[in-house]
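Both ligands and their constituent atoms are indexed starting at 1 by order of listing. Since the structure is predicted, the reported quantities are computational estimates derived from the model, not experimental observations.
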Amino acid sequence: IYIFGPCAAESREQVMETARAIQESCGIPFVFRAGVWKPRTRPSTFQGIGTEGLEWLQEVRNTFGIEVATEVATPEHVEAALKAGIDYLWIGARTSANPIAVQSIAERIRVTGYGLRGVLIKNPVNADAALWLGNIERLEQTGVPVIAVHRGCNHQPCWAMAHQVRLARPDIPMLLDPSHLSGDAKVVPILMGKVAELGLDGAMVEVHAHPEEALSDVAQQITPSCLAQTSQSIPSRLRVESVFSTNDEQQELYWLRAEIDELDERLWETIAARMDVSKRIGIWKKAHDVAPLQPERFQQILTQRIEWAEANGLDKEFVETILNTIHKQSLNAQI
Ligand code: PEP
Ligand code: MN
């Protein structure tokens, strides 16, 4: 399942131009996406065009013969989207964090959603596998096929969460949303490689005919021509036998490696942030005529960190070695 289209429906022209450009160049069947109600952080920003945009999606459907998807955050949205003949609904990360909202959407879909092809549920904004699984269960009560979408948290992947959901519910298709996961158009094509590697069931990608003019998510939307290049390497079942195809056992290793890569990235970011604070402490010490090395303080650090480490099942000497190395580097930064 591949879902392409802009973050938001902005104008009839933008919607039609983007749909046409994708259809002419991407080379694989896809569902066209566009949000008409946008859950934005600040009220002063573009909040979505509203129900008018549903008519543009209908026009895409009628003109190009492709299925369409939009985001719903309330039962009223469900009602309006179904009236407009939308094929797939998705529930965004912010709504996914609220079980009462998901339940009320599920109830409306159960009553009125018989024409729907599927309902997609993004992971919640916080990395909570149980909540994501709970939302899948709530939506299963609708009788409409449920599809999970991994969109990460704070522009970072949460492979451990996605892996947990994958293992708990191998029967539920899972898509990757590299756009919201990275927040960076340059990274989107690279992340698409994960679809095949991890045996995911497709992707939802933000594509805009003129990304630099987008009214939301400017930095992460790719152009239709970038998508066309990227989709060359999509090893979907729609293409002939792919060199990327992996078996389930290999996939388990790739999932675990993805978790390691993510943890290492966070580890390095944390060390860099620590070094930065250490430099600021160095500036303070200089200004107050205090020597960089404070043996008492380092002893305190060592004792407490070793306690933490042991509580987490880590070896004392291993932790001491790491701390000594970090401390040495910190002192260098303070000289
Ligand atoms: C979107 O798909 O445009 C969107 C708002 O996504 P998310 O809920 O993942 O932020
Ligand atoms: Mn978006």
Query raised in the report: Does Ala93, backbone or side chain, put an N or O under 3.5 Å from an N or O of ligand 1?
Result: yes
**Report entry** Option set Lys122, Arg151, Arg40, Glu71, criterion heavy-atom distance to atom 6 (O) of ligand 1, minimum
**Finding:** Lys122
Requested in this report: Write the atom name of the N, O or S atom in Asp217 that is nearest the Mn ion (ligand 2).
Outcome: OD2
Requested in this report: Check Glu206 and report its N/O/S atom nearest to the Mn ion (ligand 2), by atom name.
Outcome: OE2
Report task. Please confirm whether Met204 comes under 4.0 Å of ligand 1, counting heavy atoms of the residue only. Result -> no
Requested in this report: Please verify whether a non-hydrogen atom of Cys7 lies at under 4.0 Å from ligand 1.
Outcome: yes
Report task. Under 4.0 Å from a heavy atom of Trp90: give me the atoms of ligand 1 that qualify, with their elements. Result -> 1 (C), 2 (O)
**Report entry** Numbering as shown, the atoms of ligand 1 that approach Gly92 to under 4.0 Å (heavy-atom distance)
**Finding:** 8 (O)
Query raised in the report: Is Trp37 close to Glu71 at the side-chain level, that is, under 4.5 Å between some pair of heavy atoms?
Result: no
Requested in this report: Please confirm whether Arg94 comes within less than 3.5 Å of ligand 1 when only nitrogen or oxygen atoms on both sides are compared.
Outcome: yes
Report task. State whether the number of non-hydrogen atoms from other residues, nucleotides or ligands found under 6.0 Å of Glu212 atom CD is greater than 12. Result -> yes
Requested in this report: Go through the steps to decide whether Glu140 and Arg169 satisfy the test salt bridge (charged side-chain N to carboxylate O under 4.0 Å, His left out), and finish with yes or no.
Outcome: CA-CA 12 Å; Glu140 280 181 313; Arg169 295 303 305 268; 2.5 Å; yes
Query raised in the report: Is the shortest distance from a Lys or Arg side-chain nitrogen in Arg257 or Asp264 to a carboxylate oxygen in the other one below 4.0 Å?
Result: no
Query - N-O pairing of Arg12 and Glu59 below 4.0 Å - result: yes
Query raised in the report: Which one of Arg151, His150, Glu206 satisfies the side chain to side chain donor-acceptor pair (under 3.5 Å) criterion with His180?
Result: Glu206
Report task. Could you name the option among Glu206, His180, Arg33, Gln220 that has the heavy atom nearest to atom 4 (C) of ligand 1? Result -> His180
**Report entry** Proximal ligand 1 atoms for Lys38, defined as those under 4.0 Å from one of its heavy atoms
**Finding:** 1 (C), 3 (O), 5 (C)
Query raised in the report: Would you call Arg108 and Glu79 a salt bridge, taking side-chain N to carboxylate O under 4.0 Å as the test?
Result: yes
Report summary line: Result for side chain to side chain donor-acceptor pair (under 3.5 Å) between His210 and one of Gln221, Glu17, Gln14 points to Glu17
Query - Test of proximity, Asp217 against ligand 1: N or O pairs below 3.5 Å - result: no
